[in-house]
Amino acid sequence: MSESESEPIPGTPDTPGLRRRTFFTGAAGIGLAAAVVRPPGWRPKVGAPHPAAWLPNTLTNQQLAGQRVIYSYPGTTPPSSLYTALSSGQAAGVIFFGENISSESQIAGIIKKLRAAAAQSPVKTPPLLMTDQEGGLVRRLPGAPTLSEKQVGASSNPVSAATTAGTGAGQNLAGVGMNVNLAPVLDVFYQSGNFIDQYQRSYSNNPAVAAECGQAFITAQQATGVAATAKHFPGLGSATASQNTDSGPVTLNVSLTQLHTIDEVPYPPAISAGVKLVMVSWAVYPALDPSLPAGLSPAIVGQELRGRLGFTGVTVTDAIEAGALTNFGTTGQRSVSAAQAGMDLILCSARDVTQGQAATSALATALGNGTLDPTRFNDAANRVFQLRSQLF
């Protein structure tokens, strides 16, 4: 292990001050599976075209819901309940943190076992196996990319450096069996030392530089077979050092013009590059929605990201246990609200398998009782399925 992995690094998501650090105990139990609720004449479809890749039509609601949930676990040994969730078709994948990894060989062995469990599932595609390998201070595996995004953006040839970083990240993750990287960060920092800049997670305060670096990283990484995730839409670049959505609610009072000419500038090039996933932030953006965090906002997910920018891939939430969602209920309630807003994947990252079970059960119940529209639900599940069918 590198020095950066052998002990906590201030500011990484495994430590106070950054996302997905808060522990959360979810509601208990997976519950009984119910028959899939589908309207007459229903046929699966997805936003991103990919030939002949549809979920089996025999899945129960519980299994269908599981296709939209990413689980996490504590320590270096996954509990049996995680293997069961995968083998029973009630989990889409797993996110890994520093505490899960003692060495590359150790995590590679765990991933091999998780893949074997998933292979027993009725959903015959690889699970999504992901981590944050942004570069610099935010890495879960030792090695590439060693440069932070800020160092890449400030280099003499930022596009070349971003390409090298993307290739390195992809090869590093693929080497242990992971197939999704929750990177790159496309936030354009407004002030030096602010929330996203203080740990060098932003390429630049120049939207054009952030855009070209992000596009290069995405293209290079996805050429290795590892999916990239553009984050945190529509942008956390204006957040001050104390505005941390992990800790509590954050409102970013940037104008629509600022959002369109600064924060969102890197996204069209990322989408043109074929980025597979976009992570949506938990901040509130009054210029787009006066009250709802972005990941709970149909206006931001549906109208801005999918409508105005034309993104057709997989949307993924930031940590569902984030402090920014304090006023939005339980894990289950938050998960249903995110699904209603148009989020495809729910990221349960509190290192507690029962959190993922709670999200899955809540989604299944909401599908069964009509709270969540069956056609839209299946569209989302199939977008995830088609992503998985393209990965190793």
Side-chain angles (χ1 to χ4, degrees), residues 13-16 18-33 61-101 110 114 117-118 127-132 140 180 182 245-248 279-280 282 293 295-296 315-341 343-367 372 380-381 384:
D14 276 344
T15 61
L18 225 57
R19 70 179 180 86
R20 296 200 301 276
R21 68 170 180 84
T22 309
F23 280 63
F24 181 92
T25 304
I30 290 180
L32 297 176
N61 278 5
Q62 197 77 24
Q63 290 169 327
L64 199 59
Q67 305 313 302
R68 301 181 63 177
V69 178
I70 300 296
Y71 282 66
S72 61
Y73 65 94
T76 55
T77 304
S80 60
S81 55
L82 180 57
Y83 290 106
T84 299
L86 287 165
S87 64
S88 63
Q90 297 182 38
V94 180
I95 180 172
F96 302 96
F97 291 94
E99 71 176 80
N100 304 131
I101 303 170
I110 293 296
L114 293 171
L128 300 174
L129 301 164
M130 61 183 65
T131 197
D132 298 91
R140 300 290 168 257
V180 178
L182 296 176
T245 57
D246 247 12
S247 303
M279 177 180 284
V280 182
W282 287 136
L296 301 184
T315 52
V316 58
T317 72
D318 205 334
I320 201 68
E321 69 275 7
L325 303 185
T326 298
N327 298 324
F328 292 91
T330 64
T331 292
Q333 290 168 328
R334 297 174 184 190
S335 299
V336 171
S337 294
Q340 287 175 317
M343 299 306 298
D344 298 328
L345 278 173
I346 309 300
L347 187 61
C348 295
S349 53
R351 288 80 145 181
D352 184 346
V353 172
T354 65
Q355 183 194 33
Q357 292 171 338
T360 302
S361 291
L363 290 174
T365 298
L367 175 61
L372 292 174
V384 175

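The figures here come from the full heavy-atom set of this structure, side chains too, leaving out hydrogens, waters and symmetry mates.
The closest donor-acceptor contact from the side chain of Ser361 to the backbone of Ala358 lies at 3.5 Å or more, if one exists at all. Proximity of a side-chain donor or acceptor of Arg68 to a complementary backbone N or O of Asp344 within less than 3.5 Å is detected. A donor-acceptor pair under 3.5 Å is formed between the side chain of Asn100 and the backbone N or O of Gly75. Under a 3.5 Å cut-off, the side chain of Thr326 and the backbone N or O of Gly323 do form a donor-acceptor pair.
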message: I'd like to know whether Val280 forms a side chain to side chain contact (heavy atoms under 4.5 Å, CB included) with Met343, so could you lay out the CA-CA distance, the side-chain angles of the two residues, the decisive distance to 0.1 Å, and finally the verdict.
response: CA-CA 8 Å; Val280 182; Met343 299 306 298; 3.7 Å; yes
task: Please test Thr360 against Gln62 for side chain to side chain donor-acceptor pair (under 3.5 Å), starting from the C-alpha separation and ending with a verdict.
output: CA-CA 7 Å; Thr360 302; Gln62 197 77 24; 5.5 Å; no
Pair Gln357-Cys348, side chain to side chain contact (heavy atoms under 4.5 Å, CB included): steps then yes or no: CA-CA 9 Å; Gln357 292 171 338; Cys348 295; over 6 Å; no
- prompt: Does the pair Ile95 and Leu182 meet the rule for a side chain to side chain contact (heavy atoms under 4.5 Å, CB included), with working shown?
  reply: CA-CA 9 Å; Ile95 180 172; Leu182 296 176; 3.6 Å; yes
task: Dump the intermediate steps for side chain to side chain contact (heavy atoms under 4.5 Å, CB included) on Leu345 and Val384, then the final yes or no.
output: CA-CA 8 Å; Leu345 278 173; Val384 175; 3.8 Å; yes
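To the nearest 0.5 Å, atom CG of residue Leu129 and atom CZ of residue Phe96 are 5.0 Å apart. With rounding to the nearest 0.5 Å, the separation of CG in Asp246 from CG in Leu325 is 10.0 Å. Here the CG atom belonging to Leu82 is positioned 8.5 Å from the OG atom belonging to Ser72, to the nearest 0.5 angstrom.
If you check the side chains of Glu321 and Thr331, you find no donor sitting under 3.5 Å from an acceptor. A donor atom on one side chain and an acceptor atom on the other are not found under 3.5 Å apart for Ser349 and Tyr71.
The two residues Gln67 and Gly89 have their closest heavy-atom pair at NE2-O, 2.8 Å. Here the shortest heavy-atom pairing between Thr317 and Met279 reads O-CE, 3.7 Å. The shortest heavy-atom contact between Ile110 and Tyr73 is CG2-OH, 3.7 Å. Scanning all heavy atoms of the two residues, the minimum distance from Leu363 to Ala65 falls at CB-CB, 3.7 Å. Across Leu114 and Tyr83, no two heavy atoms sit closer than the pair CD2-CE2, 3.5 Å. The two residues Arg334 and Ala322 have their closest heavy-atom pair at NH1-O, 3.4 Å.
Each of Val69, Ile320, Ile346 was scored for a side-chain contact (heavy atoms from CB on, under 4.5 Å) with Gln355, with one residue passing: Ile320.
Looking at Pro127 and Leu86, their side chains come closer than 4.5 Å, going by heavy atoms from C-beta outward. Looking only at side-chain heavy atoms (C-beta outward), Leu372 and Val336 come within less than 4.5 Å of each other.
Judged by a 6.0 Å distance limit and a 45° cone about the ring axis, Arg351 is positioned over the six-membered ring of Phe97.
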